[in-house]
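Single-structure report; data block below.
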Amino acid sequence: MIDVYMDRFEHPYLLTLLPIAAILLGLSAILESADMGTWSGFLVLYATSAVIICLIGYAAFFLLKASTRGLRWWRFRRYRTD
């Protein structure tokens with residue numbers, strides 16, 4: 001099962017940040033309704049940073065994959081012309 005998960009998502013640990021962010025946002029809403037604005041703000045800050053880290057991580061994986069593909073194409077084309 002983990003093999004299918006790894007094939008679908010490049011790095012599953014990055015993907016686990018999204019449910020954690022959702023839980024933090026839910027807790028933030030609960031704390032905001034209980035008039036604990038400072039704690040709620042910190043939880044929103046942590047949730048936002050988790051989503052940003054996830055986006056940066058997947059952007060980095062995408063760029064690495066695209067650059068590797070481009071490098072392979074360039075090497076293959078260079079080898080064929082020689």
Look at the side-chain heavy atoms of Ile, Leu, Val, Met, Phe, Trp and Tyr, link any pair under 4.5 Å apart, and say whether [X] and [Y] land in one connected group.
X: Leu55; Y: Ile20; answer: no
X: Phe61; Y: Ile53; answer: yes
X: Ile30; Y: Trp39; answer: no
X: Leu27; Y: Phe42; answer: yes

Going through the checks in order, is the side chain to side chain contact (heavy atoms under 4.5 Å, CB included) test met by Val51 and Leu18? CA-CA 6 Å; Val51 170; Leu18 294 179; 4.2 Å; yes
Between [atom1] on residue [X] and [atom2] on residue [Y], distance to nearest 0.5 Å:
X: Ile52; Y: Leu17; atom1: CD1; atom2: CG; value: 12.0 Å
X: Tyr58; Y: Lys65; atom1: OH; atom2: NZ; value: 10.0 Å
X: Ile23; Y: Leu43; atom1: CD1; atom2: CG; value: 11.5 Å
X: Leu64; Y: Phe62; atom1: CG; atom2: CZ; value: 11.0 Å
X: Thr68; Y: Leu63; atom1: OG1; atom2: CG; value: 10.5 Å

Kindly write out the residues that satisfy side-chain hydrogen bond (donor to acceptor under 3.5 Å, both in side chains) with Ser28, not counting sequence neighbours, or none if the list is empty. Ser40
When clusters are formed from ILVMFWY side-chain contacts under 4.5 Å, directly or step by step, what else is grouped with Val44? Leu25
